[in-house]
Amino acid sequence: MLFNSIEFCIFFILVTTVYFIIPHSIRWILLLLASCYFYMVFVPAYILILLVLIIIDYFTGIWIEDTQGPARKTYLIISILSTCLALFIFKYFNFFAANVDSVAKFFGLAYSIPFLQLILPIGLSFHTFQSLSYVIEVYKGRQKTERHFGIYALYVMFYPQLEAGPIERPQNLLHQFYEKHEFESTRVVSGLKLILWGFFKKLVIADRLALYVNAVYNNSSQHNGLTLSLATLFFAFQIYCDFSGYSDIAIGAARVMGFELMINFRRPYFARSVAEFWKRWHISLSTWFRDYLYIPLGGNQVSIPRWYLNLFIVFLVSGFWHGANWTYVIWGALHGSYLVSGLVVDRMNKNVFHFSLPIAWQRFAGYLNMIGVFLLVCFAWIFFRANNLHDAFLIINKIVHFHGPLFVPSLSEFIYSIIGILFLITAESCEEFLPGSSFFEDRRCWVRYAAYSAVILLILLIGVFDGGQFIYFQF
Amino acid sequence: MQAKLFFRNLLSFLLILVLLDFLIGNALRYFYFRIKVGQYAETTYVLNTVDKDLLVFGSSRATHNFSSEIFEREWGPSFYNVGSDGQGVFYHYAVLRSILKKHSPKVIILSMDFLEFDRSREGYDRLSKLLPYYRSHKEIRSIISFKSNFEKFKMFSQIYPFNSMILNIAADSIKMTKQSDRGYIPLDGRWKAPLEKKEFKETAMDKAKIKVYQDFIAQAVHSGAHVFVIVAPYYINFDYANSSTLKLASLIAKSNGAVFIDYSQDSYFLCHPELFDDPYHLNDEGAKIFTKMVISAVKRT
């Protein structure tokens, strides 16, 4: 079920109302059934894949806790392998087959692996990572096994974050299913505000920008450098609003019922370095990779070249996690390179410059860094959005040879896009530079009401109601 | 107590919202229906007033390919191009139903595309253009419901029917838009690129679109009009001898008593790129030549 649909609004109101009416002891059943329904709206049969993974991880979790010695590791490996196998079959098999085919052709061999005609289950990468974090935490002894099958299943399937995260940790989420959540108006209002802001980002900004971005990127050979540059800039805002909009709705929907999910975005385009960008962008995934890949690889407690390699590997894997396409791998590699280069430059600066700039200059340098980071991130988005590597390089080539008139299919669409972006920048600048100045949080009731009304009316006036699904669903 | 206060505040907020929605929505409605030029004025005229003998239905391949000047000269003044850019068979059927309620044209031409029955969402989503008429035109409600089952609930909002229209309403109100020539919008580009040979890829067909197309033909014929389904020229060398869309469209047209004429691979146009604005649309010069061909075919029948 899509968050940006009337069906979801009805579903959410019904589930939340019933949730607060029924006794606490049976609320988990309601949430589990609701989550199953929510998932089954797409491809009902795929719930079986989820069920198999839940069963495997549920039992391996118990066995890991109940067993001593090397068998614990065996159970951990069984769990990790079965989860990765599901990911491989549904997400990576055809990519693997296509590459084997290409390599065979290169060596003149008539060898090919047949493709699988499977649709990728929505959000597979998200709930598999959430399951993995549970099993790993149990293995590390940082989390007690969840012996209630229903609660464990709910941990994996909790509907607000089932399809595109935030990827939760068992320590944060599992215990919340046991807590009794009373109806608390402050929390409900806070959740509803987040949902409203999420809808604004998705319907007014992301889906509006998608019209231009898709028109340009899907016919990249027919557009010039200026148009492609603008489409890339628009895509930077589109993907941010699409994904952070989803996260806001997910966190808000959970908060209304009393659950606190982890924050996934903190105004990433205000980051002053690529490292800071990754502390603000898709935080639940960045921290997942930090905890379960970067640190096991040795993190920064190794030699400097190895440290850089660790960082690079993490971003390469992160790119591959996003999709089975070389464009994503290059996107990850680019971010890895940015990060490593940043560290190298930082070390050089420390060795060369032994004085600090005046505060005004530091602030100015901070703003310049912000613009620089944004441009680097935009450059990497070209690979993320391009339909294939050929298109990505063509787009870069055209952007470098910047000329020609701007493609504007509809002036009104264009103005709506600009209005949305300006609204976002203003709101996020206020939050970033003047914390607590948000109209949504104003002490005066009429200001808050005016702000809510303005956002709702803008959604009705210029939101895109026929927009597609969220970009991150495909991962 | 806390819940009681919350619901009281929520209710008062919703009341404010309903009031604002009512005021803004009705202001938009007022300005929308006062527009005299542009696409919205065109749609209002087509749904409420048009009473011509010959009507051309279709997408941009109707609005740009059928020249009014030639119709005027060869057929007479009773002609109107009721096509609309980007629209598909749902829209055409809705327009037909509205027109037939008050008037019976003598000749109906439906411009057909080879992807008319394509399973894309666009044809459904673009029905938004008809939302301002949902309340006043009962006959189009069932067609708008193809867009989504919740459309009638969304229509509780007074602003929703005018979603994404505010800037165009403003522009058309101050007459920033060029007026069409009885629905015809001439294009002035001249295509220069060489003829492209494209392999025709058949996509899955949408049963709802096929059914609506069938209903369009049946109702148009039933109204007593001579019905022509015409595929205008492309400047693309398609290999679509096996296009099931065109085969099916032709079969449905013929079995319902309509005439089906396919100019998509007309050899004359394939040799004259200068008659096209782009591979899918003729320019004004091309449209004049093509319209002459169409009128002589209509007169022959």
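Here the structure is a predicted model, which means the values were calculated and not measured. Throughout, a chain's letter reflects where its sequence line sits, starting with A, and its residues are numbered from 1. Hydrogens, waters and symmetry mates are skipped; everything else that's a heavy atom, side chains included, is used.
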Residue [X] excluded, over 12 heavy atoms near [atom1] under 6.0 Å:
{"X": "B:Phe22", "atom1": "CZ", "result": "no"}
{"X": "A:Tyr37", "atom1": "OH", "result": "no"}
{"X": "A:His24", "atom1": "NE2", "result": "yes"}
{"X": "B:Arg34", "atom1": "CZ", "result": "no"}
{"X": "B:Phe31", "atom1": "CZ", "result": "no"}

Looking at A:Leu460, is its backbone amide N or carbonyl O close enough to the side chain of B:Tyr160 to form a donor-acceptor pair, meaning the two atoms are under 3.5 Å apart?
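No, B:Tyr160 side chain to A:Leu460 backbone: no donor-acceptor pair under 3.5 Å.
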I'd like to know if the side chain of A:Tyr452 and the backbone of B:Leu17 have a donor-acceptor N/O pair within less than 3.5 Å.
no
How many angstroms lie between atom [atom1] of [X] and atom [atom2] of [Y], to the nearest 0.5 angstrom?
{"X": "A:Cys9", "Y": "B:Phe153", "atom1": "SG", "atom2": "CZ", "result": "13.5 Å"}
{"X": "A:Arg448", "Y": "B:Phe13", "atom1": "CZ", "atom2": "CZ", "result": "11.0 Å"}
{"X": "B:Leu131", "Y": "A:Phe465", "atom1": "CG", "atom2": "CZ", "result": "11.0 Å"}
{"X": "B:Asn163", "Y": "A:Ile462", "atom1": "CG", "atom2": "CD1", "result": "9.0 Å"}
{"X": "A:Ser185", "Y": "B:Leu10", "atom1": "OG", "atom2": "CG", "result": "11.0 Å"}
{"X": "B:Ser12", "Y": "A:Tyr449", "atom1": "OG", "atom2": "OH", "result": "4.0 Å"}

Under 4.5 Å from any heavy atom of chain A, what part of B:Ser148 do you find: side chain, backbone, both or neither?
neither
What part of B:Ile166 gets within 4.5 angstrom of chain A, counting heavy atoms only: side chain, backbone, both, or neither?
both
For B:Ser164 and A:Gly463, which heavy atoms make the closest approach, and how far apart are they?
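Nearest heavy atoms, B:Ser164 then A:Gly463: OG-O, 3.7 Å.
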Over all heavy atoms of both residues, which pair between B:Leu167 and A:Ser412 is shortest? Give the atoms and the distance, please.
CD1-O, 3.8 Å
Go through the atoms of A:Glu182 and report whether side chain, backbone, both or neither lie under 4.5 Å from a heavy atom of chain B.
neither
Structural part of A:Ile10 lying under 4.5 Å from a heavy atom of chain B:
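For A:Ile10, the side chain is the part near chain B, not the backbone.
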In this structure, is the centre-to-centre distance between the rings of B:Phe7 and A:Phe183 below 6.0 Å?
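Close enough - the centres of the two rings lie under 6.0 Å apart.
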Got A:Val189 and B:Asn9 here, is their nearest side-chain heavy-atom distance under 4.5 Å?
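Heavy-atom side-chain distance check fails, nothing below 4.5 Å.
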Which one, A:Ile459, A:Ile415, A:Leu461, leads in non-hydrogen pairs under 4.5 Å with chain B?
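Ranked by heavy-atom pairs under 4.5 Å with chain B, first place is A:Leu461.
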